[in-house]
Protein chains: 2
Amino acid sequence: MNTRPTGRPVRHRERPPYDRDSLLEVAVVVFNERGYDRTSMEDLARRLGLSKSSIYHHVAGKEELLGLAVGRAMDALFAVLDEDPAADTTATARLRHVVRRSVEVLAAELPYVTLLLRVRGNSGVERRAQEQRREFDRRVAELVERAATEGSVRDDIEPHLVSRLLFGTVNSLVEWYRPEGGLSVAVLSDALTAVLFDGLTGRPARRSGPAADIPDRAAPN
Amino acid sequence: MNTRPTGRPVRHRERPPYDRDSLLEVAVVVFNERGYDRTSMEDLARRLGLSKSSIYHHVAGKEELLGLAVGRAMDALFAVLDEDPAADTTATARLRHVVRRSVEVLAAELPYVTLLLRVRGNSGVERRAQEQRREFDRRVAELVERAATEGSVRDDIEPHLVSRLLFGTVNSLVEWYRPEGGLSVAVLSDALTAVLFDGLTGRPARRSGPAADIPDRAAPN
DNA sequence: TTGTGTACCGACCGAACATTCGGTTAGCGT
DNA sequence: ACGCTAACCGAATGTTCGGTCGGTACACAA
């Protein structure tokens, strides 16, 4: 057996050492599998191939891990709202863009967004996350309102209700979508925007305004 | 002060005694507020106005409470699928009916359904619930497939994907809908079915087939 | 009066929990 | 050779958890 003078197994270069990011990446997956509350630091340590106490070398505690994860998810989501709006496009086009890009971000940052959406407002970290989600909601509702005023989006439903249905559908993707499962993000976001904007009964090619209203059909990746 | 010979406060008839159902009703609300895992039996006892040990007089444990709750939710949901299909209606009409009735059931049994949808498959109770949810999903996907074959529902999207989007939207209601908040179930289910079947850009009155396709517009309650 | 069943309680228990502490190890600059 | 630091560890600490136990209080029936 290959042993050191101390008799303990050689660790040297079996795996690169952890830093905050690589540790968080693993932690978030475990949190999603077992649920944040049900995941013990012991569970986490086992999965990392570390001892419990070593985790505290990288982060202050369990809650900081949660904070880092939901922070990352919120940043990615807000970035979508702030993407350059090309000044002259309609609110409807922007809304469609925000929905599509949100699906893409959700897919790209799936474990982080999943964790964010499951937060229940117990600790301070969680309450801050919920506050940010409400802010996101408000800005989308604003966009819906302007789109309705433009006339290319139905105005018989309250804008706030529309934005809740919209992002209810988008957010529900975390419950089943797995990027490695064969369904591409492009096909997914096409299907989702098609159903939400044109309806289940809509003919595939139908559109409701000038072609410019649908500027960002995704290319297959 | 009104005291008994024992010097302890009078309990008699201050509140009706609990049975399994009334206890469950409170428990489910607390589970949803704090999350099942984060809710201790102590939390529960405090909210019930009981001691921890008294809870065990009514139920075998925490997990039985969860089981009772998700069982009740699943029963209510499956009942919708088994409602008499009037033999001659189209699959599209039945699909629309199932979506609308699911919204109604979700609203009527909100705390129970909420708990069901948050179950993560850790214990046996939770795994059984998830198995039942998959069965529900399968039956809806079947319905979508038949509707697509009928031609009144778009067939450029996989039936299973459609059913996931449909029930993703429906299920997302538990994240924000509160029956006491002024929005009636009728308005909600009208809005939801309108967006999903006719699209955000759809004109309010448009329909895609014969009027019989939309047989169950809800009356205001 | 005595017995029975339902509803309830305080004191307690072992296990699991997040976190802390006092270290060791290995690589690197000097 | 020396000291420094990042990365890591085993063994504890105090706390909280779900659950148990041996009772009491009281309505009601015989």
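Letters A, B, ... mirror the listed sequences (proteins, then strands); counts begin at 1.
Counting only heavy atoms from C-beta outward, the side chains of A:Leu200 and B:Leu166 approach each other to under 4.5 Å.
For A:Ser53, the side chain to side chain contact (heavy atoms under 4.5 Å, CB included) test picks out A:Ser51, with sequence neighbours left out. Every residue was checked against the salt bridge (charged side-chain N to carboxylate O under 4.0 Å, His left out) condition with B:Arg94, not counting sequence neighbours, and none meets it. Considering only residues two or more places apart in sequence or on other chains, B:Arg72 meets the salt bridge (charged side-chain N to carboxylate O under 4.0 Å, His left out) condition with B:Glu109. Partners of A:Ser102 according to the side chain to side chain contact (heavy atoms under 4.5 Å, CB included) rule, which considers only residues two or more places apart in sequence or in another chain, are A:Val80, A:Val98, A:Phe136, A:Phe167, A:Val170.
For the contact set between residues 22-51 of chain A and DNA chain C, defined by any heavy atom under 4.0 Å, the members are A:Thr39, A:Ser40, A:Met41. Only A:Tyr56, A:Gly61, A:Lys62, listed by number, bring a heavy atom of residues 54-72 of chain A to less than 4.0 angstrom from any atom of DNA chain C.
A donor and an acceptor atom never sit less than 3.5 Å apart when one is taken from the side chain of B:Lys52 and the other from the base of C:dG10. Between the base of D:dG19 and the side chain of B:Ser53 there is no donor-acceptor pair shorter than 3.5 Å.
Sorted by first and then second residue, the side-chain hydrogen bond (donor to acceptor under 3.5 Å, both in side chains) pairs with a member in residues 136-145 of chain B read B:Asp82-B:Arg139, B:Glu135-B:Arg138; sequence neighbours excluded. The list of salt bridge (Lys or Arg N to Asp or Glu O under 4.0 Å) pairs with a residue in residues 42-58 of chain A, not counting sequence neighbours, reads A:Glu33-A:Arg47, A:Arg34-A:Asp43, A:Asp43-A:Arg46.
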Side-chain donor-acceptor contacts of residues 20-30 of chain A below 3.5 Å, not counting sequence neighbours, with atom names and distances?
| residue | atom | partner | partner atom | Å |
| --- | --- | --- | --- | --- |
| A:Arg20 | NH1 | A:His58 | O | 3.2 |
| A:Arg20 | NH1 | A:Glu64 | OE2 | 3.0 |
| A:Arg20 | NH2 | A:Glu64 | OE2 | 2.9 |
| A:Ser22 | OG | A:Asp19 | N | 3.0 |
| A:Ser22 | OG | A:Asp19 | O | 3.2 |
| A:Ser22 | OG | A:Asp19 | OD1 | 2.9 |

